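What follows is a short report on a single structure.
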Amino acid sequence: MHRILIGLTAALALTGCAAAAVDPVTPPPSSLTAAAVPEDGQALRDLGFGNAPEGLSVPRGAEISDRVDSANNITVVMTAPDALEVADYLRRTLPTLGFTITGDAQNSLIFEGGGWQGAFTASKGYAALTLRTDR
């Protein structure tokens with residue numbers, strides 16, 4: 001019985017050593033910068049989006065009708081301000097955070113940066129901003 005206990009202890013010790021030797025997985029560094037939120041904006045994190053990239057914002061006074069706040073998907077649907085105003089705001093603020101706007105047509109935007117892919121689109125009465133990540 002004593003030999004079995006010693007054998008089990010040795011096996012557990014070796015297993016623990018082997019596990020300690022494995023490097024932990026670390027997320028890739030973000031290329032986004034934590035730029036200050038403009039005076040006319042409000043950070044998504046201040047609006048309760050805990051998973052939003054630091055500094056990402058929408059125009060101050062945005063009226064949010066629907067939201068998704070998950071680790072790999074952020075979606076904000078707004079009924080105000082006017083969609084053209086939101087598009088202009090995002091054109092101005094996204095590059096300051098390190099996002100690259102890769103598409104801009106008919107008041108819709110496609111952008112990426114820091115491991116996130118994003119889109120903005122508008123329709124009559126609504127504007128929607130969404131970001132997705134595989135991190």
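Predicted model, so just to flag it, every value in this text is computed and none were measured.
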Which value, rounded to the nearest 0.5 Å, describes the distance between Asn107 atom CG and Glu85 atom CD?
12.5 Å

Residues in side chain to side chain contact (heavy atoms under 4.5 Å, CB included) with Glu54, at least two apart?
Ala34, Arg45

Who passes side chain to side chain contact (heavy atoms under 4.5 Å, CB included) against Asn51, sequence neighbours left out?
Asp69, Ala71, Ile74

For Leu84, the hydrophobic cluster (side chain heavy atoms closer than 4.5 Å, chained through members) also holds none

Can you confirm whether Leu47 sits close enough to Val76 that some side-chain heavy atom of one is under 4.5 Å from a side-chain heavy atom of the other?
no

For Glu39, enumerate each residue passing the side chain to side chain contact (heavy atoms under 4.5 Å, CB included) test, keeping only those at least two apart in sequence or located in another chain.
none

Kindly write out the residues that satisfy ring-ring contact (aromatic ring centres under 6.0 Å, His included) with Phe111, not counting sequence neighbours, or none if the list is empty.
Phe99

Heavy atoms of Thr133 and Gly115 approach each other most closely as OG1-O, 2.7 Å

Looking at every heavy atom in both Val37 and Gly55, which two are closest together, and how far apart are they?
CG2-O, 3.9 Å

So, for Tyr89 and Asp40, which heavy atoms are closest and what is the spacing to 0.1 Å?
CE1-OD1, 3.7 Å

Close side-chain approach of Pro81 and Val86, heavy atoms under 4.5 Å
yes

Sub-4.5 Å side-chain heavy-atom contact between Phe49 and Ile64
yes

State, with a plain yes or no, whether a side-chain heavy atom of Pro53 is found less than 4.5 Å away from one of Leu131.
yes

Residues Ala87 and Phe120: closest non-hydrogen pair is CB-CE2, 3.6 Å

For Gln42, all residues meeting side-chain hydrogen bond (donor to acceptor under 3.5 Å, both in side chains), sequence neighbours excluded:
none

For Val68, is there any backbone N or O sitting under 3.5 Å from a side-chain donor or acceptor partner on Thr75?
no

Indicate if Ile110 and Leu129 have the same hydrophobic cluster label, given that clusters are the connected sets of ILVMFWY residues with side-chain heavy-atom separations under 4.5 angstrom.
no

Looking at Arg91 and Ile101, what are the two nearest heavy atoms and their distance?
CA-CD1, 3.9 Å

CG on Asp88 to OG1 on Thr93, rounded to 0.5 Å:
10.5 Å

What's the spacing between Glu112 CD and Thr100 OG1 if we round to 0.5 Å?
6.5 Å

Pair Leu56, Leu94 - check side chain to side chain contact (heavy atoms under 4.5 Å, CB included), show working.
CA-CA 8 Å; Leu56 185 62; Leu94 287 172; 3.7 Å; yes

